[in-house]
Amino acid sequence: MSQPRQPWSLPAIVGSIGRPVNNALQRLGFASRFFVMLLFCSGQSFRRLHLTLREIYFSGFQSLLIIMVSGLFIGMVLGMQGYETLQRYGSAEALGVLVALSLVRELGPVVAALLFASRAGSSITAEIGLMKATEQLTAMDMMAVNPIARVVAPRFWGGVLSMPLLAAIFSSTGVFGGYLIGVVFIGVDEGAFWSQMQASVDFRFDVWSGIVKSFVFGIAVSLIAVFEGYDAVPTAEGVSGSIKSTVVKSALAILALDFVLTSFMFREA
């Protein structure tokens, strides 16, 4: 009789390492094929434009409240903290530059994407996961209706198109919050606040970088949300796990992509 394999033997160690790696590679390959199929079926979803517009309303318009309130308070905090710091060096008039660059370059796209992933991304995963759990996707497939074109693609493009708009609204509201604190309540000169902001914020290197970041974040978050819902285990626990996975993976993807994009943009600048 063969001896039982010891848990610390070389084959056991290799197997314990290889199985997770193999599963991760298989899931990555399935996600890649899913993304290609999603792009291939996007034309059908755009021909039914009302589906995409409905998802833009769901993902974008219904997220406006949390985006605007968060942007306002973050801008107000930046105004207070920035004024205290700049006043030490006699540069309080540059408060508008500090607030605008912080929001347009980094905080606007990143925080808006994190809020979008928490609010809209988790909802998209829950919807698709519940449709899979209740066999609605299977029923569509049996009726010769492509579930990717009918359900997944509109939600994906709704999130991709909504994300840059939400980031722009977040940054604009944050600048207004910095204006309220700096000019209205503290008393920074209004002309210096706006004029230095206009002179220092460059569209190509500042505003455009924020637009590119928000667009990339929208693709990443929307793809993670629809894939996790489509690949969810069709049980209550499986859908719950997919929602948690969407929020965690989206947050990690946003932060990692922000580092990569920022490094490339600063190198080009």
Side-chain angles (χ1 to χ4, degrees), residues 60 63-119 160-221 250-269:
S63 302
L64 275 179
L65 180 60
I66 187 173
I67 290 292
M68 295 180 68
V69 172
S70 301
L72 179 65
F73 280 105
I74 287 179
M76 294 169 69
V77 171
L78 279 175
M80 287 189 292
Q81 296 285 355
Y83 178 79
E84 292 295 330
T85 303
L86 293 174
Q87 190 183 29
R88 301 175 186 176
Y89 304 98
S91 304
E93 292 78 8
L95 180 63
V97 178
L98 173 66
V99 173
L101 290 180
S102 300
L103 287 167
V104 171
R105 282 184 175 181
E106 292 296 328
L107 291 180
V110 172
V111 179
L114 292 174
L115 294 173
F116 178 82
S118 301
R119 190 267 165 201
V160 171
L161 297 176
S162 298
M163 188 61 247
L165 300 176
L166 292 176
I169 293 173
F170 184 96
S171 299
S172 302
T173 310
V175 171
F176 178 71
Y179 168 81
L180 284 179
I181 291 296
V183 176
V184 177
F185 291 100
I186 297 179
V188 176
D189 183 71
E190 182 176 3
F193 183 90
W194 293 113
S195 63
Q196 292 198 27
M197 181 190 303
Q198 294 174 2
S200 301
V201 178
D202 183 77
F203 179 83
R204 178 183 176 186
F205 295 113
D206 299 322
V207 177
W208 181 247
S209 66
I211 294 174
V212 171
K213 283 184 178 181
S214 60
F215 184 74
V216 174
F217 295 161
I219 294 176
V221 173
S250 296
L252 295 177
I254 289 166
L255 297 176
L257 288 171
D258 179 57
F259 172 76
V260 173
L261 292 173
T262 301
S263 63
F264 278 106
M265 288 173 181
F266 275 121
R267 182 178 299 177
E268 292 178 359

For [X] against [Y], the heavy-atom pair lying closest together:
X: S63; Y: R119; answer: OG-CD, 3.2 Å
X: M163; Y: F217; answer: CG-C, 4.4 Å
X: P109; Y: G210; answer: CG-O, 3.7 Å
X: P164; Y: S214; answer: CA-OG, 3.4 Å
X: D258; Y: T262; answer: O-OG1, 2.6 Å

For [X] and [Y], indicate whether the former's side chain and the latter's backbone hold a donor-acceptor pair under 3.5 Å.
X: K213; Y: E106; value: no
X: T85; Y: G82; value: no
X: S209; Y: D206; value: yes
X: S200; Y: M197; value: no

| request: Determine, stepwise, if the pair L180 / L72 fulfils side-chain contact (heavy atoms from CB on, under 4.5 Å). | output: CA-CA 9 Å; L180 284 179; L72 179 65; 4.3 Å; yes

| task | List the steps, then state whether side-chain contact (heavy atoms from CB on, under 4.5 Å) holds for V110 with F170. | result | CA-CA 10 Å; V110 172; F170 184 96; over 6 Å; no

| When rounded to the nearest 0.5 angstrom, what is the spacing between CG in L165 and CG in L64? | 9.0 Å

| said: To the closest 0.5 Å, what do you measure between CE (M80) and CD1 (I181)? | reply: 5.0 Å

| message | Just so I know, are the side chains of V201 and L101 near enough to count as touching, which here means a heavy-atom distance under 4.5 Å? | response | yes

| query | Can you check whether V175 reaches V104 side chain to side chain, under 4.5 Å on heavy atoms? | reply | no

| message | Would V183 and L95 count as a side-chain contact (heavy atoms from CB on, under 4.5 Å) here? Give the steps. | response | CA-CA 9 Å; V183 176; L95 180 63; over 6 Å; no

| request: Take V221 and F116, measure what side-chain contact (heavy atoms from CB on, under 4.5 Å) needs, and give me the verdict at the end. | output: CA-CA 8 Å; V221 173; F116 178 82; 3.7 Å; yes

| query | For Q81, which residues count as a side-chain contact (heavy atoms from CB on, under 4.5 Å) partner, sequence neighbours excluded? | reply | V77

